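Here the structure is laid out as structure tokens; the discussion comes afterwards.
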Protein chains: 2
Amino acid sequence: MTKKDTITILEIAEMSGVNPSTVSRVINHPEMVNEKTREKVQAFIKECNYQPNPFARGLQTKRSKIVALVVPNFTTLSFANLARGIQERLMQSDYSMVIFSSHEDEVLEKKICKKISDLHIDGVIFASSMMPNYDELSYGIAKVFIDRDGSLDGIDTFILDVEGAFDKLIKYLVDKGHSNIGFVVGDKKSYAGLKKISAFKKAMKNHGLEVDEKFIVGALWSSKEGWNATSKLLEGKDIPSVIIAGSDTLGIGVIGAVNSKGLSVPEDISVVGFNNEPGSESMNPPLTTMEYDDYGMGQEVADAIIKRINKPEGEIEIKIYTMDIIERKTVRKHLLTNKIIYD
Amino acid sequence: MTKKDTITILEIAEMSGVNPSTVSRVINHPEMVNEKTREKVQAFIKECNYQPNPFARGLQTKRSKIVALVVPNFTTLSFANLARGIQERLMQSDYSMVIFSSHEDEVLEKKICKKISDLHIDGVIFASSMMPNYDELSYGIAKVFIDRDGSLDGIDTFILDVEGAFDKLIKYLVDKGHSNIGFVVGDKKSYAGLKKISAFKKAMKNHGLEVDEKFIVGALWSSKEGWNATSKLLEGKDIPSVIIAGSDTLGIGVIGAVNSKGLSVPEDISVVGFNNEPGSESMNPPLTTMEYDDYGMGQEVADAIIKRINKPEGEIEIKIYTMDIIERKTVRKHLLTNKIIYD
DNA sequence: ATGAAAGCGCTAACAA
DNA sequence: TTGTTAGCGCTTTCAT
């Protein structure tokens with residue numbers, strides 16, 4: 001408003017009585033310039049609120065100071081928190097974040113990769129991405145993977161230890177006397193769904209439990225879908241004593257469906273959620289669930305991509321995030337088998 | 001990977017046997033160039049997957065083809081949906097979106113405005129922003145306001161008709177026989193909170209109801225806060241027969257608190273939410289709430305900012321979004337007054 | 001309808 | 001330590 005629109009390095013140079021390249025040095029390599037000149041120039045820069053033109057700078061340096069985040073969607077809470085962590089930390093380091101939602105669609109992901117390359121973005125963070133290939137991505141761009149193993153490709157990777165989480169969870173349930181365990185996955189075909197199913201099966205085996213395929217039911221990620229899937233699970237007389245939901249949102253539907261059958265949680269059937277979404281602590285009854293620090297992960301991921309941008313050949317970082325059980329009121333000790341209760 | 005990293009307009013020109021400026025014309029003003037040359041050049045552009053360097057282009061045109069979205073946070077579902085609508089529509093028009101979360105903090109907003117100017121971003125969308133002033137914003141940048149009236153400043157504005165929503169809602173409740181209406185607002189000091197309180201009071205008056213200040217209780221936007229605020233509301237014997245929650249997330253806590261007092265929803269106390277968040281349909285009981293099309297709003301907002309970028313002096317657009325009642329199971333007819341029930 | 005040439009604002013190699 | 005200069009890749013005016 002009150003500001004002149006185009007103040008350039010040339011004007012700063014004139015004011016300071018030095019050459020433009022000296023001003024440039026003050027900005028980019030302050031150590032190369034004499035203290036007195038530096039301070040004089042810095043004073044003018046500050047006074048004029050001068051900021052280098054990013055186009056001119058980018059044209060020269062081939063750097064945009066922009067990082068892209070690709071997530072399957074914006075609405076899943078853990079992605080929103082992740083994005084928040086990333087954005088805040090990036091901003092601290094003077095980077096900006098562009099964000100794309102891929103819907104786990106390979107074609108769209110390709111388009112996004114192309115777009116990212118065309119924009120000359122410095123680094124990309126892929127969260128739960130399909131990434132069948134990334135030919136469209138310009139060679140050498142910094143990359144970080146979240147929840148997809150890139151270690152073989154020499155890519156920094158942040159993984160959520162879903163296997164460990166299910167292991168903890170199944171152990172917890174077994175300790176409570178459960179053995180008939182149902183699982184209302186989200187979208188069975190999504191990356192997150194596939195990963196959870198495999199972790200679930202592995203954990204079951206680890207604890208000597210048989211996996212009954214009909215106890216694993218798919219749904220999209222909404223509560224309503226969870227409700228419907230659970231209803232199916234509850235048909236017939238061979239019924240689980242506890243149901244794991246692939247997310248807390250799904251868990252709402254699970255509890256709804258259990259109630260609608262005239263059964264109570266946890267008296268008749270126990271339920272556990274996933275992700276500790278806001279609201280789950282205030283549900284009726286408060287939902288036992290699994291959580292991890294998505295926001296903190298976002299911050300560390302942002303640090304990692306910046307590091308990678310500045311040091312393409314640095315050592316690859318692999319970091320694993322563990323999940324913990326938040327014990328609330330939806331799981332109770334199971335002493336009798338289902339057969340005895342329902343037969 | 002398989003791609004040459006720097007293919008420039010010069011190379012396309014050489015291949016096509018024309019001058020770089022002709023290639024530029026083919027890209028930016030195709031109508032100015034002879035059909036045959038145009039097709040030949042276009043063929044090479046396509047073959048090489050050529051895309052103009054955004055730095056060089058921006059340096060010349062002063063356009064970044066980037067739009068900024070500023071929201072109070074990423075985690076509130078309606079902002080996530082809004083962002084999705086905006087991003088998808090922008091991408092269709094070859095724009096990218098950078099996103100900033102302001103936490104409704106004036107200082108941070110100022111920093112963000114500065115950043116936006118420094119980045120030479122083409123347009124900004126402010127959602128529920130404080131915007132005490134926007135001196136930091138470069139003069140003449142395209143702007144769109146969401147949920148903040150900018151009509152006086154000649155700024156395109158998209159408003160959610162919260163007043164109309166509360167009017168509908170209070171009418172609905174009055175028709176059901178309610179007159180003691182409690183309101184668990186979110187953050188009373190936030191922009192959204194303030195707006196809702198004022199709309200609530202106005203609607204109450206419109207329908208001849210007295211506003212009892214102690215029936216309006218604040219909370220942050222979490223379920224747990226909603227629970228605590230509701231507990232306070234339920235102390236003593238002068239108790240509302242229906243409680244409006246400022247969001248569905250808050251509503252979860254409201255229901256929890258009601259239940260924890262040994263009361264039932266809707267038999268003893270009715271509850272209504274706000275925003276129709278996913279899960280509310282599967283709650284126990286399914287939550288009656290208010291909704292609007294946040295995703296669609298995002299799309300229209302994206303169209304508006306693009307229009308404004310291309311036509312800074314075009315007519316100002318003001319659009320109002322109405323909300324509708326989603327009637328589910330948490331409100332029931334109230335025939336007796338509270339006094340008779342609880343005295 | 002096309003080509004030639006200048007210049008957007010900056011950085012960095014080279015010279016002094 | 002500082003100045004001089006070239007050039008990043010593009011668009012656009014001017015000339016043809």
Side-chain angles (χ1 to χ4, degrees), chain A residues 3-42 44-45 48-66 94 117-122 138 310, chain B residues 3-42 44-45 48-66 94 117-122 138 310:
Chain A
K3 223 166 29 200
K4 208 164 154 267
D5 231 31
T6 46
I7 160 110
T8 74
I9 205 172
L10 201 90
E11 304 179 60
I12 300 289
E14 273 169 9
M15 288 168 165
S16 325
V18 298
N19 187 283
S21 60
T22 301
V23 179
S24 174
R25 278 186 206 105
V26 169
I27 294 166
N28 301 299
H29 314 282
E31 72 287 353
M32 296 179 79
V33 42
N34 177 291
E35 190 178 329
K36 276 199 100 170
T37 7
R38 190 199 321 148
E39 277 166 9
K40 189 172 52 181
V41 173
Q42 274 164 344
F44 281 109
I45 288 177
C48 302
N49 208 356
Y50 167 77
Q51 197 69 16
N53 178 312
F55 302 126
R57 176 177 258 184
L59 191 53
Q60 191 73 6
T61 61
K62 277 123 178 61
R63 293 287 186 81
S64 59
K65 286 273 200 175
I66 296 178
D94 210 36
S117 300
D118 292 345
L119 280 171
H120 287 242
I121 275 171
D122 296 343
S138 52
N310 294 319
Chain B
K3 223 165 32 199
K4 203 159 157 273
D5 230 33
T6 47
I7 160 109
T8 74
I9 206 171
L10 202 90
E11 303 179 60
I12 300 290
E14 272 168 11
M15 288 169 165
S16 324
V18 298
N19 188 282
S21 59
T22 300
V23 178
S24 174
R25 279 186 205 105
V26 168
I27 294 166
N28 302 299
H29 315 283
E31 72 288 354
M32 296 180 79
V33 43
N34 177 292
E35 191 178 327
K36 277 198 100 168
T37 6
R38 193 201 315 151
E39 277 166 9
K40 188 174 53 184
V41 173
Q42 274 164 343
F44 282 107
I45 289 178
C48 301
N49 210 355
Y50 168 75
Q51 198 68 20
N53 177 312
F55 301 129
R57 177 177 257 186
L59 191 53
Q60 191 74 7
T61 62
K62 279 126 179 61
R63 293 286 186 82
S64 58
K65 285 272 197 175
I66 296 178
D94 210 37
S117 299
D118 293 345
L119 280 171
H120 287 242
I121 275 172
D122 296 343
S138 52
N310 294 318

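Given the structure is predicted, the values throughout are model-derived calculations rather than measurements. Atoms considered below: every heavy atom in the structure, side chains included; atoms not considered: hydrogens, waters and symmetry mates. Every chain is numbered from 1, with letters handed out A, B, ... down the list of sequences.
As rounded to whole Å, 12 Å separates atom P of D/dT11 from atom NZ of B/K65. In this structure, B/R63 atom CZ and D/dT12 atom C1' are separated by 15 Å, rounded to whole Å. To the nearest angstrom, C1' of D/dT12 lies 8 Å from NE2 of B/H29. Atom NZ of A/K36 is separated from atom P of D/dT2 by 12 Å (rounded to the nearest Å). Rounding to whole angstrom units, CD of residue B/Q60 and C1' of C/dA5 are separated by 12 Å. Atom pair B/M32:CE and D/dC14:C1' shows a separation of 12 Å (rounding to whole Å applied). Rounded to an integer number of Å, the gap from B/N53 CG to D/dC8 P is 11 Å. For the pair A/N19 CG and C/dG9 P, the computed distance is 17 Å after rounding to whole Å.
Looking at heavy-atom distances under 4.0 Å, A/N34 makes contact with sugar-phosphate atoms alone, never a base. Here B/S24 lies in heavy-atom contact (under 4.0 Å) with a base.
Comparing D/dG9, C/dC8, D/dC10 by their nearest atom to the side chain of B/K62 picks out C/dC8. Checking D/dG9, C/dC10, C/dC14 against the side-chain heavy atoms of B/T8 singles out D/dG9 as nearest. Each of C/dG9, D/dT11, D/dT2 was ranked by its minimum atom distance to the side chain of B/I9; first place goes to D/dT11. Closest to the B/R57 side chain, of the nucleotides C/dC10, D/dC10, C/dA13, is D/dC10. Considering only the side chain of A/T37, D/dT1 comes nearest among C/dC10, D/dT1, C/dG9.
Formation of a donor-acceptor pair under 3.5 Å by the B/E11 side chain with backbone atoms of B/T8 is found in this model. Judged by distance alone, the side chain of A/S16 and the main-chain N or O of A/V18 form no donor-acceptor pair under 3.5 Å. B/E39 places no side-chain N or O within 3.5 Å of a backbone atom of B/K36 that could act as its donor or acceptor partner.
Positionally, the nearest nucleotide of DNA chain D for B/L59 lies more toward the 5' end than for the other of B/L59 and B/T22. Mapping B/S21 and B/F55 onto DNA chain D by nearest heavy atom places B/F55 closer to the 5' end of the strand. Nearest-nucleotide positions on DNA chain C for A/A56 and B/V18 put B/V18 closer to the 5' end.
One finds no side-chain N or O of A/Y50 lying less than 4.0 angstrom from the OP1 or OP2 phosphate oxygen of C/dG9.
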Checklist entry - What do the steps show when you test B/T37 against B/R25 for side-chain contact (heavy atoms from CB on, under 4.5 Å), and what is the final call? => result CA-CA 11 Å; B/T37 6; B/R25 279 186 205 105; over 6 Å; no
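The closest side-chain heavy-atom distance from B/V33 to B/Q42 is not below 4.5 Å.
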